[in-house]
**Q** 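Below is a structure I'd like to ask you about.
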Amino acid sequence: MAMRVKELADLVGISVRTLHYYDEIGLLSPEETSDSGYRLYSNDNLEMLQQILFFRELDMPLKEIKHIISSSSFDKQEALLQHQRMLLEKRSQLDKLINTVDKSLKHMKGEIQMTNKEKFEGFDFSQNPYEQEARKLWGDKAVDESNAKVAGMSKEAQKAVSEIYTKLASIRNASPESEEAQAAIRKWYDCLNQNFGTYSLDAFKGLGQMYVDDQRFTKNIDQYGDGLAKFMCDAMGHFADANKN
């Protein structure tokens, strides 16, 4: 039975906006559209969405997912086996981290003694998923410049970032197109360009979309207030479109 976009979003637990975005970029398009204009998703669509979300759980960028699932050699069963292998590896690392936490608690209580090496078992800093995705989107030069700026960011700049997020969180229930919201989001745009690199309007809008498409970003941003990531995404998109004209 075909499902409308709201039904699918509720079933899976993702936003309607995310499904619309997947359709826009050609990652997941509904099987058909009703005479009334509703997007209708088939069982095949649901299976493909499951594949996409498995890839996302493994921190794979959308562009790379699209390339994989669009390939003529893409095999759903083989992909599931690969997901299984990679998730088991991820679980193994998490188990190591949990064990380190358990041992650390016992160490603090004086029940056991930990070596310095044992205190850091399970941590893996060999890959930075945020940086990998940024490099795919904006190139090595932009990311290297951003990293250099972050490393040298002053306490005043760090305070400014926090103040901007706090301000945006305080108005997140207003319209993202309102004058107040757009003034605040302009400060975020200026702050990014001053402290993190050079962002075009398109890059700024794309970054905002990542705030809702990537649960890592959403979780971090929503610490300032539930729904802030979506509010910023909408405000950044409107800002970019409005300032192109």
Side-chain angles (χ1 to χ4, degrees), residues 14-27 52 55-56 59-67 127-153 157-172 174-178 180-245:
I14 60 177
S15 69
V16 170
R17 183 180 179 85
T18 295
L19 289 172
H20 285 174
Y21 181 64
Y22 286 178
D23 186 12
E24 289 172 13
I25 65 175
L27 180 63
I52 292 169
F55 281 120
R56 295 300 286 154
D59 299 327
M60 187 173 290
L62 294 177
K63 185 177 181 180
E64 191 169 338
I65 296 173
K66 181 181 177 182
H67 175 74
Q127 294 183 332
N128 183 335
Y130 290 102
E131 183 169 317
Q132 288 178 347
E133 192 154 351
R135 288 185 185 279
K136 289 179 180 294
L137 287 169
W138 300 306
D140 290 336
K141 182 180 179 181
V143 174
D144 290 338
E145 290 177 351
S146 177
N147 286 343
K149 287 191 174 185
V150 172
M153 193 166 61
Q158 294 176 29
K159 181 180 178 182
V161 170
S162 179
E163 288 177 348
I164 291 171
Y165 269 78
T166 301
K167 172 61 178 179
L168 287 165
S170 72
I171 60 173
R172 68 186 186 280
S175 169
E177 300 179 10
S178 69
E180 184 178 23
Q182 286 300 294
I185 213 68
R186 176 178 285 279
K187 289 185 177 180
W188 181 230
Y189 178 72
D190 292 340
C191 180
L192 284 172
N193 280 287
Q194 291 168 7
N195 298 295
F196 297 97
T198 302
Y199 284 79
S200 66
L201 290 171
D202 285 335
F204 187 61
K205 183 176 182 179
L207 179 64
Q209 189 63 52
M210 283 177 64
Y211 289 172
V212 295
D213 288 339
D214 192 320
Q215 292 303 306
R216 298 166 298 177
F217 281 103
T218 305
K219 183 178 179 180
N220 286 333
I221 293 171
D222 281 0
Q223 290 179 20
Y224 284 83
D226 290 340
L228 177 58
K230 184 179 185 307
F231 174 76
M232 289 184 68
C233 172
D234 293 340
M236 290 163 74
H238 180 76
F239 177 87
D241 292 339
N243 284 278
K244 285 181 182 178
N245 302 324

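Only a predicted model underlies this, so the values are computations on that prediction, with no experimental measurement involved.
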**Q** Nearest 0.5 angstrom please: W188 CH2 to L168 CG, how far?
**A** 9.0 Å
**Q** To the nearest 0.5 angstrom, please state how far the NZ atom of K63 sits from the CG atom of L27.
**A** 13.5 Å
**Q** Evaluate the side-chain proximity of H238 to I185: yes if any heavy-atom separation is below 4.5 Å, no if none is.
**A**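 Side chain of I185 against side chain of H238, heavy atoms only: no contact under 4.5 Å found.
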**Q** For L228, is there any backbone N or O sitting under 3.5 Å from a side-chain donor or acceptor partner on Y211?
**A** no
**Q** Can you name the nearest heavy-atom pair linking A184 to I171, along with the distance?
**A**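 It is CB-CD1, 4.2 Å.
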**Q** OH/Y189 to CD1/I164 distance, rounded to the nearest 0.5 angstrom?
**A** 14.0 Å
**Q** Side-chain contact test, heavy atoms from C-beta onward, threshold under 4.5 Å: evaluate it for D202 versus K244 and give yes or no.
**A** yes
**Q** Which heavy atom of S175 sits nearest a heavy atom of A181, and at what distance?
**A** O-CB, 3.5 Å
**Q** Can you find a heavy atom in the side chain of D222 that is under 4.5 Å from one in the side chain of K219?
**A** no
**Q** Any side-chain heavy-atom pair from Q209 and R17 closer than 4.5 angstrom?
**A**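 In contact.
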**Q** Would you check if L62 and Y21 make a side-chain contact, meaning some heavy-atom pair closer than 4.5 Å?
**A**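 When only atoms from C-beta onward are counted, Y21 and L62 do touch, with a gap below 4.5 Å.
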**Q** Please round to the nearest 0.5 Å and tell me the distance separating atom OG of S200 and atom CG of L207.
**A**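 If I round to the nearest 0.5 Å, the distance is 10.5 Å.
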**Q** Check whether any side-chain heavy atom of Y165 lies under 4.5 Å from a side-chain heavy atom of Q223, and answer yes or no.
**A**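 Not touching, per the 4.5 Å side-chain cut-off.
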**Q** Closer than 3.5 angstrom, by distance alone: can the side chain of R186 be matched with the main-chain N or O of A183 as a donor-acceptor pair?
**A**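 Flag not set: sc R186 to bb A183 has no pair under 3.5 Å.
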**Q** Please report the interatomic distance OG1(T18) to NZ(K230), rounded to the nearest 0.5 Å.
**A** 9.0 Å
**Q** Just wondering, do F239 and L201 contact through their side chains at under 4.5 Å, heavy atoms?
**A**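 Contact flag for L201/F239 side chains = yes.
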**Q** Would you confirm whether E177, through its side chain, and A235, through its main-chain N or O, come within 3.5 Å as a donor-acceptor pair?
**A** no
**Q** Other residues, nucleotides and ligands only: do more than 12 of their heavy atoms fall within 6.0 Å of NE2 on H67?
**A** no
**Q** With a 4.0 Å cut-off, would you call K167 and E180 a salt bridge?
**A**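 Yes, K167 and E180 are salt-bridged.
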**Q** To the nearest 0.5 Å, what is the distance between NZ on K205 and CG on D241?
**A** 3.5 Å
**Q** Would you indicate whether the side-chain heavy atoms of F204 and N193 approach each other to under 4.5 Å?
**A** no
